Amino acid sequence: MLVLAWGAGLLLATKFFGEWETRQHNPNQQPLSVHGADFIEVRLLSSRQGHYVADGQINGQPVTFLLDTGATQVAVPAALAERLRLPSGAPVQIQTANGQATAHRTRLERLQVGDIVLHDVAALIAPGMLGDEVLLGMSALKQLEFTQRDGTLVLRQTTLQ
């Protein structure tokens, strides 16, 4: 009975600390959205590493974004692009931290973070990107206003044209 209690305790501790670690990496699993008369704001907390990571969607499918104002385009890892069934367009040479690579152009019909929705966003399918995080680059962010202060990034989409 004691072994069973220890086993259950270890299982619960593992689950608790696993979820805690996930929240430390991505504190924005359900991003907070605020609606105003002519805007939608999404407030993101920085991770322990100082990055802004948030869950969202591409074409209605769940993804995790890593916001990267230094990236010109939204960059989707090739394996994830395949699962999302993104069309692979024209090849393009890109410069990465690891040197030059060949990516493929694609377009995202719908990209969503919190209640902010963007349509027809230019993106790249990037070979060699490990993991499932999508770099949310300037091809999406240029459509929004954003400010960062005290570990919080505020994305704002104007709803009146």
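Since the model is a prediction, treat every value here as computed from it, not as a measurement. Scope of the values below: all heavy atoms of this structure, side chains included, with no hydrogens, waters or symmetry mates.
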Student: Going by heavy atoms in the side chains, are Leu67 and Leu153 under 4.5 Å from each other?
Tutor: yes
Student: Just verifying a value: how many Å separate Gln143 CD and Leu155 CG, rounded to the nearest 0.5 Å?
Tutor: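 Rounded to the nearest 0.5 Å, the CD-CG separation comes out at 12.0 Å.
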Student: Would you tell me whether Thr102 and Gln93 have side-chain atoms, one donor and one acceptor, within less than 3.5 Å of each other?
Tutor: yes
Student: For the residue pair Val63 and Leu111, establish whether any side-chain heavy-atom pair is separated by less than 4.5 Å.
Tutor: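 The answer is no, as the side chains (C-beta and beyond) never meet within the 4.5 Å cut-off.
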Student: Are Leu141 and Val154 connected into the same hydrophobic cluster when the rule is that any two of I, L, V, M, F, W, Y join if their side-chain heavy atoms are below 4.5 Å apart?
Tutor: no
Student: Applying the 4.5 Å side-chain criterion to the ILVMFWY set and letting contacts propagate, would Val74 and Met129 be lumped into a single cluster?
Tutor: no
Student: Roughly how far, to the nearest 0.5 Å, is the NZ atom of Lys142 from the OG1 atom of Thr72?
Tutor: 9.5 Å
Student: Quick check on the hydrophobic clustering: are Val113 and Leu80 connected, directly or via other members, by side-chain heavy-atom contacts under 4.5 Å?
Tutor: yes
Student: Looking at Gly114, is its backbone amide N or carbonyl O close enough to the side chain of Gln112 to form a donor-acceptor pair, meaning the two atoms are under 3.5 Å apart?
Tutor: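 At least one qualifying donor-acceptor pair exists.
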Student: Starting at CD of Glu41, measure out to CG of Leu144 and round the result to the nearest 0.5 Å.
Tutor: 11.0 Å
Student: Quick check for you: to the nearest 0.5 Å, what is the distance between Asp132 atom CG and Phe65 atom CZ?
Tutor: 12.5 Å
Student: Compare all side-chain heavy atoms of Leu44 with those of Thr152 and state whether any distance is below 4.5 angstrom.
Tutor: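 No. Closest side-chain heavy atoms not under 4.5 Å.
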Student: What about Ile94 and Leu136, same hydrophobic cluster or not, with Ile/Leu/Val/Met/Phe/Trp/Tyr joined at side-chain heavy-atom distances under 4.5 Å?
Tutor: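 In one cluster: no.
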Student: Do Asp38 and Thr159 pair up side chain to side chain, a donor and an acceptor below 3.5 Å, judged on atom types alone?
Tutor: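 No, no side-chain donor-acceptor contact under 3.5 Å.
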Student: Got Ile125 and Leu86 here, is their nearest side-chain heavy-atom distance under 4.5 Å?
Tutor: yes
Student: Ala103 and Ala126: which non-hydrogen atoms are nearest, and at how many Å?
Tutor: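 In terms of heavy atoms, the two residues are closest at CB-CA, 4.4 Å.
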Student: In the structure I gave you, are the side-chain heavy atoms of Asn28 and Leu45 within less than 4.5 Å of one another anywhere?
Tutor: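 Yes, close enough: below the 4.5 Å cut-off.
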Student: For Ile40 and Val34, run side-chain contact (heavy atoms from CB on, under 4.5 Å): C-alpha distance rounded to whole Å, both residues' side-chain angles, the deciding distance at 0.1 Å, then the answer.
Tutor: CA-CA 6 Å; Ile40 300 170; Val34 176; over 6 Å; no
Student: Please tell me if the side chains of Gln157 and Leu118 come closer than 4.5 Å, counting only heavy atoms from C-beta onward.
Tutor: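 They are in side-chain contact.
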Student: Nearest 0.5 Å, what's the CD-OG distance between Gln30 and Ser33?
Tutor: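 Interatomic distance, Gln30 CD to Ser33 OG, rounded to 0.5 Å: 11.0 Å.
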Student: To the nearest 0.5 Å, how far apart are CD in Gln57 and OG1 in Thr64?
Tutor: 11.5 Å
Student: For side-chain contact (heavy atoms from CB on, under 4.5 Å), just list the numbers for Leu108 and His119, CA-CA rounded to whole Å, side-chain angles, deciding distance to a tenth of an Å, and then say yes or no.
Tutor: CA-CA 7 Å; Leu108 309 177; His119 297 278; over 6 Å; no
Student: Group every Ile, Leu, Val, Met, Phe, Trp and Tyr by side-chain heavy-atom contacts under 4.5 Å, then state whether Val76 and Leu66 land in the same group.
Tutor: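 No, it is not one cluster - the side chains of Val76 and Leu66 are not joined through contacts under 4.5 Å.
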Student: State, yes or no, whether a side-chain contact exists between Leu124 and His104 at a heavy-atom distance under 4.5 Å.
Tutor: no
Student: Look only at the side chain of Ser46 and the backbone of Tyr52, and say whether a donor-acceptor pair between them is shorter than 3.5 Å.
Tutor: no
Student: With a cut-off of 6.0 Å (strictly less than), are more than 12 heavy atoms of other residues, nucleotides or ligands near CD of Glu109?
Tutor: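 Open: at most 12 neighbouring heavy atoms sit under 6.0 Å from CD of Glu109.
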Student: Do you know the tightest heavy-atom contact between Ala122 and Ser139?
Tutor: O-OG, 2.7 Å
Student: Ignoring hydrogens and geometry beyond distance, is a side-chain donor-acceptor pair present between Asn26 and Asp55 at under 3.5 Å?
Tutor: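 Result is yes, a qualifying pair exists.
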Student: Mind checking what makes side chain to side chain donor-acceptor pair (under 3.5 Å) contact with Asn59, not counting sequence neighbours?
Tutor: none
Student: Evaluate whether atom CD of Gln100 has more than 12 neighbouring non-hydrogen atoms of other residues, nucleotides or ligands under 6.0 angstrom away.
Tutor: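 Yes.
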Student: For a 4.5 angstrom cut-off between non-hydrogen side-chain atoms, does Arg107 reach Asp120?
Tutor: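 Sidechains of Asp120 and Arg107: in contact.
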